[in-house]
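I have placed the structure first, in the form of structure tokens, so that the comments after it can refer back to it.
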Number of protein chains: 2
Amino acid sequence: MSDTREEILNLAEDLIRTKGYNAFSYRDISVPLNIKNAAIHYHFNSKADLGKAIINRTRQNLVKESNLWKDLSPVEQLNKFISIYEKSLLRNQICFMGALGPSYETLPEQMQTELTLASEEIRAYLRNVLQRGLDNGSFNFTETVSEKADMIIASLLSSLILTRVTKENIFLQIRNTILKGV
Amino acid sequence: MSDTREEILNLAEDLIRTKGYNAFSYRDISVPLNIKNAAIHYHFNSKADLGKAIINRTRQNLVKESNLWKDLSPVEQLNKFISIYEKSLLRNQICFMGALGPSYETLPEQMQTELTLASEEIRAYLRNVLQRGLDNGSFNFTETVSEKADMIIASLLSSLILTRVTKENIFLQIRNTILKGV
DNA sequence: TTGCATACTTACTTGCAAGTAAGTATGTTT
DNA sequence: AAACATACTTACTTGCAAGTAAGTATGCAA
């Protein structure tokens with residue numbers, strides 16, 4: 001994969017996660033990278049293809065990272081999971097689900113499909129971590145694993161959005177509440 | 001206030017909450033209402049003014065509604081609060097905070113200000129309900145009131161987004177989990 | 001040394017976006 | 001009856017959006 005292709009992906013992902021898919025243009029990519037708009041089209045036929053590639057890369061990242069973590073305890077894995085959101089916050093980004101989810105209805109079909117697949121994978125991963133934590137006694141919540149997983153994902157997603165809007169560190173508060181509740 | 005002005009507000013709010021601020025145009029309003037784009041400009045100088053008016057109206061709605069509920073018990077008030085989100089879901093909308101928050105950085109300054117004010121008011125309202133519920137013994141959670149309020153708001157916000165993306169009724173699950181946890 | 005693939009640029013098209021200036025119809029006030 | 005305000009429409013401008021067709025520089029391969 002050429003450097004340019006990867007730099008386009010990196011920048012476009014940052015733009016999506018700071019401004020949203022419908023608020024960035026090829027100009028926002030071509031000017032900083034010092035290339036022409038047509039160069040973007042050379043690597044990605046359409047904006048939809050670019051968007052799809054970004055979601056797909058993120059999906060693959062979760063697979064790769066969760067593989068690196070597979071021998072960690074459920075508690076440590078939950079912390080790693082939460083740290084993904086913390087890294088976003090430090091870059092002034094929101095998570096890609098929070099960035100793309102609200103405009104789901106406006107997204108090209110291939111992006112919708114990819115995003116729905118991503119949501120399934122994220123939820124399945126966290127359910128697995130929570131179940132193993134229950135099994136080995138390191139977690140002891142009373143909700144179902146599915147309820148708990150969705151509650152954690154939902155609150156983390158919003159925490160990044162609300163940190164922006166309120167100008168308070170909602171993420172920190174939400175993380176504390178999550179950790180107290182497992 | 002003329003009918004047209006109100007119809008523009010209603011339709012624009014629906015568009016924001018289904019597609020997002022950056023994904024709708026004056027055409028999406030003028031065509032269904034059978035008016036010209038310039039008629040929108042007659043009522044609202046700019047798209048920013050229209051956006052600001054929508055957030056402001058929503059703020060006033062919360063004041064009005066919470067006033068109607070002021071003699072209800074904390075439990076009933078929490079249910080009323082949650083039902084605001086349920087109504088959004090039934091209209092295939094997400095809440096305005098979930099729709100506008102992710103694109104906060106792209107919003108005109110007057111909309112940002114209005115949105116931040118709205119977030120403060122919503123959080124203050126829910127903190128008040130939760131505190132009174134703790135005081136009269138109808139709630140008994142261990143987190144701080146502030147933590148609990150932000151957790152509830154965050155999870156409700158995301159629940160509407162995730163219901164779209166996952167095609168499962170995440171809202172229902174989140175509501176159950178919230179009600180079990182107070 | 002010719003040919004071909006890669007990775008672009010140049011130059012262009014089409015279309016829609018927000019916004020504006022000037023005109024018009026209708027009703028109200030003086 | 002004249003003047004004015006309200007609530008628009010008509011006709012236009014400017015600008016940027018995605019996308020495309022054709023050309024070019026570089027390097028490797030036969």
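All chains are named by letter (A, B, ...) in the order of the sequence lines, taking the proteins before the strands, and each is independently numbered beginning at 1. As a basis for the values below, the full set of heavy atoms in this structure was taken, side chains included, without hydrogen atoms, waters or symmetry mates.
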Hydrophobic cluster identity match, A:Val165 and B:Leu117, side-chain contacts under 4.5 Å: no
Any A:Tyr26 side-chain nitrogen or oxygen under 4.0 Å from OP1 or OP2 of D:dG19: yes
To the nearest 0.5 Å, what is the distance between CE (B:Met151) and CD1 (A:Ile152)? 7.5 Å
Could you pick out which residue, B:Ser25 or B:Ala38, lies toward the 5' side of DNA chain C when each is mapped onto its nearest nucleotide? B:Ser25
ILVMFWY cluster, A:Leu157 and A:Leu179 together (side-chain gap under 4.5 Å): yes
Just to be sure I understand the rule, does A:Lys36 reach a base, reach only the sugar-phosphate, or reach nothing, if contact means heavy atoms closer than 4.0 Å? base
Would you say C:dA7 has OP1 or OP2 under 4.0 Å from some side-chain N or O of A:Thr4? no
Let me know the distance between CG of B:Asn34 and P of D:dT10, rounded to the nearest Å. 11 Å
Presence of B:His43 side-chain N/O under 4.0 Å of D:dC8 phosphate oxygens OP1/OP2: yes
Honestly, is A:Lys52 close enough over A:Phe44, meaning NZ or CZ under 6.0 Å from the six-membered ring centre and within 45° of the axis? no
Please determine whether a side-chain nitrogen or oxygen atom of A:Tyr42 lies at a distance below 4.0 Å from atom OP1 or OP2 of C:dC8. no
If you look at every strand shown and take non-hydrogen atoms under 4.0 Å, does A:Phe24 touch a base, only sugar-phosphate, or nothing? sugar-phosphate
